[in-house]
Amino acid sequence: MVLILVIVTALGFDFTNGFHDTANAMATSIATHALRPKVAVLLSGILNLVGAFLSVEVALTVSNAVVKIQNSNGTPKPDLVADGGSALLLIILAGLVGGITWNLLTWLLGLPSSSSHALFGGLIGASIAGLGWAGVNWNGNGSKLDGVIGKVILPAIMSPVIAGVIAAVGTWLIYRITTGVARRFTDNGFRWGQIGSASLVSLAHGTNDAQKTMGVITLALIATGDWTDTKNIPFWVKAACAVTIAAGTYLGGWRIIRTLGKGLVEISPPQGLAAESASAAVILTSSHLGFALSTTHVATGSILGSGVGRPGALVRWAVAGRMVAAWLTTLPAAAIVGAIMWWIGHAIGGLAGAIAIFLLLIAAAAYMYLRSRRQPVDHNNVNDDWDARRELADADR
Amino acid sequence: MQHNLGFALEAAWKVLLAGLILGAGLPALFALGVRSLAYGAGGDAEEHQAGASGPRAHPIGTVAGYACFAIVLFGVALGITFIVASGFGKAISFEHVYPTIVDK
């Protein structure tokens with residue numbers, strides 16, 4: 001029973017992961033009208049679906065980098081499954097609730113925060129609550145890039161800067177090379193470049209992010225003894241995660257798309273191409289090198305870089321500042337929610353405890369959804385002028 | 001903390017280098033392709049004084065443009081192969097200069 005709650009919640013996280021990250025791939029194409037908003041999210045959704053099915057690699061040890069709830073071969077620690085797995089399930093459930101809550105809140109605020117950080121943060125918080133400080137793998141064992149610092153914090157600081165530099169260089173080069181070519185001619189050419197590079201980002205996103213949820217669900221199944229193979233993931237888990245992340249992507253986090261596409265920089269097609277190419281290159285090369293990173297941080301860094309690299313472009317540093325603030329708070333905030341949820345669940349105990357935190361999640365999600373209806377952002381107004389809308393919103397208050 | 005910082009910096013410069021080549025180099029090549037096409041098409045594809053008819057067409061530009069696009073497409077195909085290959089537990093090796101798919 002608790003297992004079903006964990007699976008539903010994990011798929012819920014996968015869904016928020018999808019719509020939270022549509023913007024990473026498609027914000028630039030939507031903002032430059034390379035693709036109509038609905039077409040863009042459909043394309044991105046399909047590519048996420050394909051990408052998720054391509055990730056055959058077992059992602060079971062995904063949480064090992066940050067929390068100590070598994071042995072190195074992927075099986076859960078024996079003392080956590082002594083009572084039929086409920087101790088482990090509660091940690092996972094509380095962690096997932098922390099991750100979803102934070103994803104929804106940042107979506108409501110239109111901030112592109114990292115879904116991986118939200119998930120890891122939630123799990124870290126729940127582990128601290130359940131196992132104490134030693135339950136978290138803070139720093140690895142010194143043999144490779146590992147632990148919260150090596151796998152989460154350092155890449156989070158470095159990857160946006162790297163992506164930004166690449167995008168800035170790319171943008172600058174493109175503008176240098178195409179001076180003297182008629183605007184109409186370049187825009188049409190770059191439109192295709194943009195669509196191609198954005199598709200690559202979507203595909204990479206599907207392979208990277210859907211795996212995390214697959215790993216979490218499989219871990220829960222192993223904890224209860226419903227699955228024993230640590231080398232494979234049940235097919236239905238893979239299919240469910242792939243469909244969920246694609247559905248989430250198709251729904252589209254319009255609020256975040258708007259911030260990334262219109263709020264940060266006024267994007268032109270050449271900048272869009274440079275930004276998405278930089279994102280794709282950074283995501284692919286780093287996953288090749290085992291440098292774990294967040295698609296969100298990379299995409300934001302790239303878009304910012306494309307603004308810096310274009311002479312005379314407008315970069316809204318205030319918006320960028322708010323994003324950085326969201327990045328810094330994502331992990332600790334999700335951790336706090338995860339920890340509180342664990343305590344509540346543990347205090348009530350057993351199935352009732354799990355149901356209680358599940359209901360709390362539903363309540364929080366419903367509240368944030370209703371809040372979002374007050375000032376809806378969808379595919380119709382996603383490209384409205386940024387400053388005009390700001391003034392309207394201010395006048396409302 | 002120290003060792004992690006070392007590993008991270010080591011990975012970071014590699015990502016930066018590869019990223020500059022693929023993430024900035026390919027778009028630049030793409031831009032070069034667009035420019036060549038414009039040069040090839042001549043006329044209104046290139047900026048020229050209003051009223052005058054634009055520069056004449058240069059077929060060589062069209063050829064060069066499509067050559068650039070071909071290289072870019074090859075780069076993208078390599079990227080997709082990489083995603084698919086790593087999904088199946090394979091990696092792309094550049095040992096023999098040209099890319100080959102090998103076991104991880």
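Letters A, B, ... mirror the listed sequences (proteins, then strands); counts begin at 1. Worth knowing before you read on, the calculation uses all heavy atoms, side chains too, and leaves out hydrogens, waters and symmetry mates. The model shown is predicted, which means the values in this text are computed figures rather than measured ones.
- Most heavy-atom pairs under 4.5 Å with chain B, from the set A:I153, A:V169, A:I157: that is A:V169.
- Ranked by heavy-atom pairs under 4.5 Å with chain B, the first of A:R176, A:M158, A:E276 is A:M158.
- The CZ atom of B:R35 sits 5.0 Å away from the OG1 atom of A:T179 when rounded to the nearest 0.5 Å.
- Residue contact with chain A, scored on non-hydrogen atoms closer than 4.5 Å, involves the backbone and the side chain of B:L37 alike.
- No part of A:A280 comes within reach of chain B, as not one of its non-hydrogen atoms sits under 4.5 angstrom from that chain.
- Using a 4.5 Å cut-off between heavy atoms, A:Y175 does not touch chain B at all.
- Of residues 18-28 of chain B, those residues with a non-hydrogen atom less than 4.5 Å from any non-hydrogen atom of chain A are, in numerical order, B:A18, B:G19, B:L20, B:L22, B:G23, B:A24, B:P27, B:A28.
- Residues passing the side-chain hydrogen bond (donor to acceptor under 3.5 Å, both in side chains) test with A:S159: none are found, sequence neighbours excluded.
- Between A:V282 and B:V15 the shortest heavy-atom distance is CG1-CG1, 4.0 Å.
- Taken from CD1 in A:I174 to CG in B:L32, the straight-line distance is 11.0 Å, to the nearest 0.5 Å.
- Only the side chain of A:L173 has a heavy atom closer than 4.5 Å to any heavy atom of chain B.
- Heavy-atom contacts from other residues, nucleotides or ligands closer than 6.0 Å to CD1 of B:I60 number 12 or fewer.
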